[in-house]
Asker: 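Here's a structure for you.
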2 protein chains.
Amino acid sequence: MSIADDFDLQNFLPYLLNQAAEESSLRFQQVYKDRYGMLRTEWRVLFHLGIYGKMTAKEIGERSKMHKTKISRAVAKLAERRFLTRQRDGADRRLEYLELTEAGRRAYRDLRQVAMEYDSALAARFSDADMATLRRMLRALASGAA
Amino acid sequence: MSIADDFDLQNFLPYLLNQAAEESSLRFQQVYKDRYGMLRTEWRVLFHLGIYGKMTAKEIGERSKMHKTKISRAVAKLAERRFLTRQRDGADRRLEYLELTEAGRRAYRDLRQVAMEYDSALAARFSDADMATLRRMLRALASGAA
DNA sequence: TGTTAACAGTTGATTTTGTAACTAACAACG
DNA sequence: CGTTGTTAGTTACAAAATCAACTGTTAACA
């Protein structure tokens, strides 16, 4: 009954995805952690602002699917370190526009460079066709559309 | 500089993998959480024992790459709920063999069924060839071998 | 208007994780 | 033996994530 069960954990997609995600995040994590003392939520916010420009916490939440409390705390940390500035919307004073400072942009560019090189190193292990398939499937899985 | 940056977060593999892993874990998480009040570490330990049979915490750690403190706590929880028993090795009294109880096996079989159906549902969205490619690539990424 | 609901974002309490130090047991080698 | 090092597993404390309740604001509409 227990020995040689036919179910294979290594092929269970959610498990396999988690293992791959964790392993592939390790080295990048070392960089943003050691070099900037950031958490995962913080580099994600930094990247959203670096890539898409000025936006509100709500928009970051919609794009990243991170919970608003995580974003709120990450934003507070980044603001404290002078990596971003906040400006209230004049018309709707609930909204706050977030924008990277020059220091924030420098950190973003630095980490983006690391990310791109790391991504290339990962991709180099597979054929272009396989990588295209992988990315397409991961996007489909991430979008969750049944 | 910030608007229309050419780096695409959605194609950064570690990020994409995390998004896919999180999204694809959601529904299964609901089941083991709602039905058994388990955490991710707990169902993983349960599955390791269900699939491979009696083994020590150390072996679970080697197979799952989970840190030993996580395993220790998960084992304590599962033992408290009478899902597993612990027996000290007679020769080397540091080792403790873990084995599912009948209640533990019932929970495992129940969750395994859910996992298999869920995995099939996910796989049904893609061709067999693509799924084979995906699994092969994820295993390679998870193994971390450069 | 006035009242109620909805929304953006924050804070506090609780839970879970991560790190380091610890206990108990075995091993290696003088 | 006896000292030193290693190992399996636990515990204590700090860091972080989660969940619920909160503030301040806008919207809806009687």
Side-chain angles (χ1 to χ4, degrees), chain A residues 18-19 21-23 25-30 32-34 36-46 48-49 54-81 84-99, chain B residues 18-19 21-23 25-26 29-30 32-34 36-46 48-49 54-81 84-99:
Chain A
N18 264 292
Q19 300 276 105
E22 234 166 84
E23 178 64 34
S25 298
L26 268 181
R27 245 179 297 198
F28 185 58
Q29 181 184 25
Q30 284 309 313
Y32 64 72
K33 200 174 159 190
D34 294 353
Y36 296 99
M38 283 188 189
L39 302 175
R40 197 169 44 161
T41 49
E42 290 163 27
W43 81 256
R44 284 187 180 182
V45 167
L46 185 83
H48 276 270
L49 295 173
K54 190 195 289 193
M55 64 197 307
T56 66
K58 192 203 172 196
E59 291 176 287
I60 295 176
E62 286 163 356
R63 284 179 189 266
S64 68
K65 289 179 185 162
M66 286 191 286
H67 195 268
K68 59 183 183 174
T69 62
K70 271 198 212 174
I71 296 170
S72 175
R73 286 174 167 126
V75 166
K77 263 284 178 57
L78 292 171
E80 186 188 304
R81 291 174 194 180
L84 61 79
T85 57
R86 322 160 83 127
Q87 359 167 195
R88 283 249 169 253
D89 183 301
D92 184 343
R93 297 177 32 69
R94 289 172 302 185
L95 300 177
E96 210 171 33
Y97 292 104
L98 308 169
E99 191 171 19
Chain B
N18 263 292
Q19 299 278 105
E22 235 166 84
E23 177 64 34
S25 297
L26 269 181
Q29 182 184 25
Q30 284 308 313
Y32 63 71
K33 199 174 159 192
D34 293 354
Y36 296 98
M38 284 187 188
L39 302 175
R40 197 168 44 161
T41 50
E42 290 162 26
W43 80 256
R44 285 187 179 182
V45 167
L46 186 83
H48 276 269
L49 295 173
K54 189 196 290 194
M55 65 198 306
T56 67
K58 192 203 171 195
E59 291 177 288
I60 295 177
E62 286 163 356
R63 285 181 188 265
S64 67
K65 290 179 185 161
M66 284 192 286
H67 195 270
K68 60 183 183 174
T69 62
K70 272 200 210 172
I71 296 170
S72 175
R73 290 194 259 244
V75 166
K77 263 285 178 58
L78 292 171
E80 186 188 303
R81 291 174 194 179
L84 61 78
T85 56
R86 323 160 84 128
Q87 3 167 190
R88 285 249 168 252
D89 183 302
D92 184 343
R93 297 179 29 70
R94 290 171 303 183
L95 300 177
E96 211 172 32
Y97 292 104
L98 308 168
E99 191 171 20

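Every chain is numbered from 1, with letters handed out A, B, ... down the list of sequences. The basis for the numbers below is simple: all heavy atoms, side chains too, and nothing from hydrogens, waters or symmetry mates.
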Asker: Would you please indicate yes or no on a ring centroid separation below 6.0 angstrom for A:F28 and A:W43?
Answerer: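 Between A:F28 and A:W43, which both carry aromatic rings, the centre distance is below 6.0 Å.
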Asker: If only side-chain N and O atoms of A:R86 are considered, is one of them under 4.0 Å from the OP1 or OP2 phosphate oxygen of C:dT10?
Answerer: yes
Asker: Using a 4.0 Å heavy-atom cut-off across all strands, classify B:T56 as base, sugar-phosphate, or nothing.
Answerer: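 Since only primed, P, OP1 and OP2 atoms lie under 4.0 Å of B:T56, the category is sugar-phosphate.
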Asker: Mind calculating the distance between CG (A:L78) and P (C:dG9) to the nearest angstrom?
Answerer: 15 Å
Asker: At under 4.0 Å, does any side-chain N or O of A:K70 touch on OP1 or OP2 of D:dA16?
Answerer: no
Asker: Do any N or O atoms from the side chain of B:R86 and from the backbone of B:E96 form a donor-acceptor pair under 3.5 angstrom?
Answerer: no
Asker: Just N and O in the side chain of B:R94: are any of them under 4.0 Å from OP1 or OP2 of C:dC26?
Answerer: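 Negative; the distance criterion is not met.
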Asker: When we call it a touch if two heavy atoms are under 4.0 Å apart, what does A:K58 touch: a base, just sugar-phosphate, or nothing?
Answerer: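 Sugar-phosphate only.
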Asker: CZ of B:R88 versus C1' of D:dA8: gap in Å, rounded?
Answerer: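 My rounded result for the distance is 8 Å.
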Asker: What integer distance in Å separates A:L39:CG from C:dG18:C1'?
Answerer: 12 Å
Asker: Figure out the NE2/P separation between A:H67 and C:dT14, and round it to whole Å.
Answerer: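 The answer, rounded to whole Å, is 18 Å.
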Asker: Starting at the 5' end of DNA chain D and moving along, which residue's nearest nucleotide shows up first, A:T41 or A:G90?
Answerer: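 On the 5' side of the pair lies A:T41.
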Asker: Give a yes/no on whether any side-chain N or O of B:R73 is located under 4.0 angstrom from OP1 or OP2 of D:dA12.
Answerer: no
Asker: Taking only side-chain nitrogens and oxygens of B:S72, does any of them come within less than 4.0 Å of OP1 or OP2 of D:dT10?
Answerer: yes
Asker: Quickly work out the A:R93 CZ to C:dC7 C1' distance and round it to whole Å.
Answerer: 15 Å
Asker: Assign each of A:A91 and A:R40 to its nearest nucleotide of DNA chain D by heavy atoms, then name whichever residue's nucleotide is nearer the 5' end.
Answerer: A:R40
Asker: Can you list the steps and then say if A:E59 with A:R63 is a salt bridge (charged side-chain N to carboxylate O under 4.0 Å, His left out)?
Answerer: CA-CA 6 Å; A:E59 291 176 287; A:R63 284 179 189 266; 6.0 Å; no
Asker: Could you check how far CG of A:D89 sits from C1' of C:dG9, rounded to whole Å?
Answerer: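 Rounded to the whole Å, the gap is 14 Å.
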Asker: Please name the pair of heavy atoms, one in A:L46 and one in A:L78, separated by the smallest distance, quoted to 0.1 Å.
Answerer: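 Distance-wise, the nearest heavy atoms are N-CD1, 4.1 Å.
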Asker: Among A:K68, A:H48, A:K70, A:R44, find the one that has a side chain to side chain contact (heavy atoms under 4.5 Å, CB included) with A:I60.
Answerer: A:H48
Asker: With a 4.0 Å limit, can you tell me whether A:K68 has a side-chain N or O closer than that to the phosphate oxygens OP1/OP2 of D:dA17?
Answerer: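 Answer no for this pair, as no side-chain N or O of A:K68 is under 4.0 Å from OP1 or OP2.
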Asker: Specify the separation, in whole Å, of atom NZ of A:K77 and atom P of C:dT11.
Answerer: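 Rounded to the whole Å, the gap is 14 Å.
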Asker: Whether A:K33 contacts C:dT19 is assessed here as follows: a side-chain N or O lying under 4.0 Å from the phosphate OP1 or OP2. Is that the case?
Answerer: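 Yes, because at least one side-chain N or O of A:K33 sits under 4.0 Å from OP1 or OP2 of C:dT19.
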Asker: Rounded to whole angstrom units, what separation is found between the CE atom of A:M66 and the C1' atom of D:dC19?
Answerer: 18 Å
Asker: Base, sugar-phosphate, or nothing for B:I71, non-hydrogen atoms under 4.0 angstrom?
Answerer: nothing
